There are 2 protein chains.
Amino acid sequence: MTSETAAALAQTDPRLPLHSRVKEDLVRRLRDNEWDASTPLPSERALADSYEISIGTMRRVLAEAAADGLIERHQGHGTFVRRADFQHSLFRFFRLGGDDVPGSRILSRQIEPAPAPVAAAFDLEPDSVVLHLHRLRLWQERPFLLEDIWLPLPLFDPLAKVETEQLGALLYPEYETRVGVVIGSASEELSVSRATQDQARLLAGDQGEPVVRIVRRARTHAGDVVEYRESYGLASSFSYRVEIN
Amino acid sequence: MTSETAAALAQTDPRLPLHSRVKEDLVRRLRDNEWDASTPLPSERALADSYEISIGTMRRVLAEAAADGLIERHQGHGTFVRRADFQHSLFRFFRLGGDDVPGSRILSRQIEPAPAPVAAAFDLEPDSVVLHLHRLRLWQERPFLLEDIWLPLPLFDPLAKVETEQLGALLYPEYETRVGVVIGSASEELSVSRATQDQARLLAGDQGEPVVRIVRRARTHAGDVVEYRESYGLASSFSYRVEIN
DNA sequence: CAGTGGTCTAGACCACGGT
DNA sequence: CCGTGGTCTAGACCACTGG
């Protein structure tokens, strides 16, 4: 008699150390959203029993997952998933008073040939068509961020068809529910440019005023780039903070 | 009967966990150059015996020291103090695009009362004196970054005494070899401002031109802030990359 | 109070490297 | 071959959290 959980280890390479195989399975379960942010994982004792390993080995796995930032452990309370929150990370770029979600107004949505950097990011043939969203983000009714978002097709067909009014202000939850795509990591490049006439008009600034430009390539857990995004905001309202570990 | 090694733990805070106290003592011995690069540390069994702790606790201490980059462990061979090899960490904290090592010219070095944000970062009393370096970083013979670096005293006394010409373009290796401080993590804050007259002159730009300001607080592995750095560069030549995982 | 994670023990056995 | 570090076990006890 082996538990269903322990049997899942059969999917992993038996030549690897046991703690590696258990961690691999645990990471998979975390990625599969087996626990939400408010539900603690089973206790380390229960997990050790379900994997049919000793408590010491289970603790090693959990300690590594915590070191990787995948989970948070609190003595006397429990172990919880810690999902990367990219929406929140974008807010780090701009000085915003509180924790409110900014509004979003989609200015246009069209299917078009991929611009060169987009095609390169998605590893597509030149002139492949992609979905292009252009939107304005608002903070307390005031525009503060202009975004161009490109998404590969046919993967993102569901977003090409839904009414734009039905899309929430945060896109990544929409990717997850409508497309089944979970963003796992991203790279961002920041630079400073001058506002074009259009940008100045939409951001309520002056033409030629410094603007911050952020290029984000968002990837699935498997590492495939599935979103290419350019964001522009007035440099005067710019503030960014990052941790380097 | 207690061994001399185990008795050394009496110098550490008995309220701390045993593994922390053992690690503290081990780090001290590593700093005191008790073993050179060609001499292995005693085996984990021998160390555990000398500290009169279990092998499991000793292994935990050694694993942490290895994770901190203080030692290297090789199965079947032994445990050694880490060779001086900064190649891996060189670019971890240099995030302005490009892969070349920039040049460095130190403009001034003085001991002065800590400005308020510096004192706050180091958790010092107001008016405590700190070491202040002012330097210009060059890329392909052209100035591109102006830096103010504050370091706590007396910890960084060695850097206050060495000839500034002897300091390399990269400071963190100097911290490691001259001060025994290893940088383990950092936070950075970016914003956009306008060039002062001095900044414009040193950076070969125009007064009032947009400049990017980066405030970095660098920490040891233990989490103590040991460097406060403000960097300024012309926004027009600015590029910043970050990975979000 | 019960249940959680944190610390610590005292081993056994395995994989690897150099002699 | 021997000694090294790497893996894994099967617990005990403590410290902390929440109801």
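Predicted model, so just to flag it, every value in this text is computed and none were measured.
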query: Any side-chain donor-acceptor pair under 3.5 Å between A:Trp150 and A:Glu230?
result: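 No donor-acceptor contact under 3.5 Å links the two side chains.
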- prompt: Quick one: do the B:Ser187 and B:Arg217 side chains pair a donor with an acceptor below 3.5 Å?
  reply: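 There is no such pair between these side chains.
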message: For A:Asp25, is there an ion pair with A:Arg28 - N to carboxylate O distance below 4.0 angstrom?
response: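 A:Asp25 and A:Arg28: salt-bridged.
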- prompt: Which of parallel (below 30°), tilted (30 to 60°) and perpendicular (above 60°) describes B:Phe80 and B:His77?
  reply: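 Plane angle between 30° and 60°, so tilted.
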Heavy-atom side-chain contact between A:Pro14 and A:Arg21 under 4.5 Å: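 A side-chain contact under 4.5 Å exists here.
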message: Base contacts versus sugar-phosphate-only contacts with protein, heavy atoms under 4.0 Å: please encode nucleotides 5-14 of chain C as B, S and - from 5' to 3'.
response: BBBSB-B-B-
